[in-house]
Student: 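Starting off with a structure, shown below.
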There are 2 protein chains.
Amino acid sequence: MNKLRSPTIIDVAREAGVSKSAVSRALLGQGDVSPETLERVLAAADLLGYVPNAMARGLVSQRTMTLGVVLRDSTTQFYGYLQAAMQRRAAKFGYEVVSVTGVDDLTVEDAQKALRSLIALRVDGLIVSSAQLPGEDLVRYAQRVPIVVAGRAEYAEGIVSVHCDEEDGGGQIAEHVVKLGHRNVAVLLMSSDESPNGYTRGQAMIRTLEASGVTVHVMELDAYRAPVGLAVMKTLADPAITALMCPSDITMVNVLEELRVQGIPIPGRLSVTGYDAFGTLAAPFFGFTSFRLPVEEIGTTAIDRVIELIEAGVTSEKRTAIPGVLVPGRTAAPPRR
Amino acid sequence: MNKLRSPTIIDVAREAGVSKSAVSRALLGQGDVSPETLERVLAAADLLGYVPNAMARGLVSQRTMTLGVVLRDSTTQFYGYLQAAMQRRAAKFGYEVVSVTGVDDLTVEDAQKALRSLIALRVDGLIVSSAQLPGEDLVRYAQRVPIVVAGRAEYAEGIVSVHCDEEDGGGQIAEHVVKLGHRNVAVLLMSSDESPNGYTRGQAMIRTLEASGVTVHVMELDAYRAPVGLAVMKTLADPAITALMCPSDITMVNVLEELRVQGIPIPGRLSVTGYDAFGTLAAPFFGFTSFRLPVEEIGTTAIDRVIELIEAGVTSEKRTAIPGVLVPGRTAAPPRR
DNA sequence: CTGAAAGCGCTTACAG
DNA sequence: CTGAAAGCGCTTACAG
């Protein structure tokens, strides 16, 4: 555990018998160096286990080739998938991705702190995926560093966003329920504070159902993980209701547990739908009727946008809504006559 | 999108009408500053939206107060939970956590690249959670920067590790199966290359079963997500076998799907067990019989160890095995007579 | 093709 | 309590 001093460019230069300028050029592969110098530098660097100090490098070059990502909560699978997709895409362009995540849920304060530490690291670009951060906080920094919001639509001045087309998604899954023949449907609606996405998709469901002449029973919900007992009770109390639409797969699992405990047959007595359809809950075994969020494309596109911003200063699109895909399953079926 | 130059300490100094040394002292809160200077500096910094350049700061102070984390694959929930736990703990000590993740699966090469870029950032400590990275690669860097391996036991010289007590875990869940009365049990065993943890826990299951006089049928598996069709077929072909033990919940879900398609009643014809028991698959709705990995404690302890190493140069324990807890569920029951 | 010099934005002794 | 100076480890014009 004796802390060895990390070798610097000076050490490499001494070992190779050249100047540190030569080492820098050789390692960067830019500027001219003789083949012989190149070889000696490479050998010396390897021998010493030299890893260039990114701070010193970034300080002078004013570029870090690093993208910062603020994640709302890494325990939610969406963020894990997003992170992976971003990393994969960024690597293609030679950028590194470093991320800071919240725990349980990122408070506004946490998110601001995370944002600041990423800015302190002077990342070349920032991707924010946290519903909580107010747009104004972003605007303030967006003049200095390119910022892209991933996972929700952002309307603040000068902020680019990439998100799922919730209008389309909520509409598609509601249409699926309509086509199955349901005429009385309960919808669990998220509060818009807690989840703008959940709210938007819920409203889209409601609109689509109503447009088809379906009677809609709206039940409000505070959070994806909020208790659903009451909503389930109210749904079952009305024998006319034959389907229950949830704002997420997590919520759906909670609903299904309530129904299981009460011995309610699914989809016999009640059809149930979710939303998300990726990760472990998307396994065929569960057979959840859901709607797949295009998490991969959201990540990829967010990276593309931020790199456009970094390298060209402008972006091709200010807001990009990416469509997902309906996932029919075994939890929703035509209503029993 | 006009890229504004970020304000530097010089800008703040000018605005406050003091020297940059004074600004530095005021902002760091160390060294003496008059209350008046303090106030003016704070006001100026706030006005300008000053965020200290972490690179410049790190370059001179030789400390970054940042911990680097290499994650195998952020789409696996274990890593998401680990990341969150680490972040939470590190924040308590004033450290920031930045993580680099693999995609799908981190190759040795990816992991090395990730390690190097974190070292280039001159993080104060490193936590590696990737089964693939050879111990020797770690040893090489461990002389320079404290490294802790999280999630697997590491025996390489000078490397500290924190992991689940797989011996105990495999043993406990096997004992549960024994107590239920099974006398003929199939065990899906991971290859040790793919997953040292999976292999260790599998061996522990086998040992425990055999010690109780149970007949064990070992079936090898390449990966957690590998197809399980053949193993399930072989298990069902032998009517004496009444239980099937899986190395993870993910594998278990695949097994259950095979069984569902074939219409095999669970746990009537066959009891099935998993391993992991956190995240979405741990919801009561599923009722999986499993064993909970102490992911929270692994993360917390890993952070504690790396901070000990950074601040004291030594650690209280070289290898820490943390026990998990048995989660009885509805997928395992006494065998049908 | 090469090296000496300046400078990136900070912190930290060091005088005063 | 304050500011001038040195220096962290690099890159980048600039002469040669």
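The structure presented is a predicted model; accordingly, all values stated were derived computationally and were not measured. Any value given below was found using the heavy atoms of this structure, including those in side chains, with hydrogens, waters and symmetry copies removed. In what follows, chains carry the letters A, B, and so on, assigned in the order in which the sequence lines appear, proteins first and then strands, with residues in each chain numbered from 1.
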Student: Could A/R319 and A/E154 be called an ion pair, given the rule that one side-chain N must be under 4.0 Å from one carboxylate O?
Tutor: no
Student: Looking only at side-chain N and O atoms, does B/N197 offer a donor or acceptor that is under 3.5 Å from a partner on B/S195?
Tutor: no
Student: Is it the case that A/Q87 and B/T101 place a side-chain donor and acceptor less than 3.5 Å from each other?
Tutor: no
Student: In whole Å, what is the span from the CE atom of A/M55 to the P atom of C/dG7?
Tutor: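 So the CE-P distance, A/M55 to C/dG7, works out to 22 Å.
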Student: Both B/V60 and B/S34 contact DNA chain D. Taking the nearest nucleotide for each, which residue is further toward the 5' end?
Tutor: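 Its nucleotide being nearer the 5' end, the pick is B/S34.
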Student: Just the rounded figure in Å: distance from P of C/dT12 to NZ of B/K20.
Tutor: 13 Å
Student: Heavy atoms only: give me the nearest B/R152-B/S161 pair and the separation to one decimal.
Tutor: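 So the minimum-distance heavy-atom pair works out to O-CB, 3.4 Å.
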Student: Heavy-atom nearest nucleotide on DNA chain D for B/T37 versus B/L59: which residue maps closer to 5'?
Tutor: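 With B/T37 and B/L59 compared, the 5'-side residue is B/T37.
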Student: Nearest whole Å is fine: how far is D/dC8 P from A/D11 CG?
Tutor: 12 Å
Student: Taking atom types as they are modelled, is there a donor-acceptor pair under 3.5 Å from the base of D/dG9 to the side chain of B/R122?
Tutor: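 Answer is no: no donor-acceptor pair is held.
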Student: Please give the nucleotide sitting opposite D/dA4 as a Watson-Crick or G-U wobble pair, both distances under 3.5 Å, or none.
Tutor: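 In the structure as shown, D/dA4 has no Watson-Crick or wobble partner.
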Student: Which nucleotide wins on minimum distance to the side chain of A/A22, given the candidates C/dG3, C/dC10, D/dG9?
Tutor: C/dG3
Student: If you count every heavy atom of other residues, nucleotides or ligands that lies below 6.0 Å from A/E39 atom CD, does the total exceed 12?
Tutor: no
Student: Could you state the CG-C1' distance from B/L121 to D/dC10, rounded to the nearest angstrom?
Tutor: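 In whole Å, D/dC10 C1' lies 15 Å from B/L121 CG.
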Student: Tell me whether the side-chain N/O atoms of B/S24 come closer than 4.0 Å to OP1 or OP2 in C/dT11.
Tutor: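 It does, given that an N or O in the side chain of B/S24 lies less than 4.0 Å from OP1 or OP2 of C/dT11.
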Student: Taking OP1 and OP2 of C/dG7, is either one under 4.0 Å from a side-chain nitrogen or oxygen of A/Q62?
Tutor: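 Answer is no, no contact under 4.0 Å.
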Student: Could you tell me whether the phosphate oxygens of D/dG3, OP1 or OP2, come under 4.0 Å of any side-chain nitrogen or oxygen in B/S19?
Tutor: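 Indeed, a polar side-chain atom of B/S19 lies that close.
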Student: Please state how far atom CZ in A/R25 lies from atom P in C/dG3, giving the value in whole angstrom units.
Tutor: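 Rounded to whole Å, this separation is 8 Å.
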Student: Once hydrogens and angles are ignored, does a donor-acceptor distance under 3.5 Å link the base of C/dA4 to the side chain of A/S21?
Tutor: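 Such a pair is found, so the answer is yes.
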Student: Can you tell me the distance, in whole Å, between the CG atom of A/N53 and the C1' atom of C/dC8?
Tutor: 13 Å
Student: Could you state the atom-to-atom distance from CE of B/M65 to C1' of C/dC10 in whole Å?
Tutor: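 Whole-Å distance recorded here is 17 Å.
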Student: Of the nucleotides C/dG9, C/dT12, C/dT2, which one has an atom closest to the side chain of B/S61?
Tutor: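 Side chain of B/S61 sits closest to C/dT12.
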Student: Whole angstrom is fine here: how far is it from CG in A/L28 over to P in D/dT12?
Tutor: 6 Å
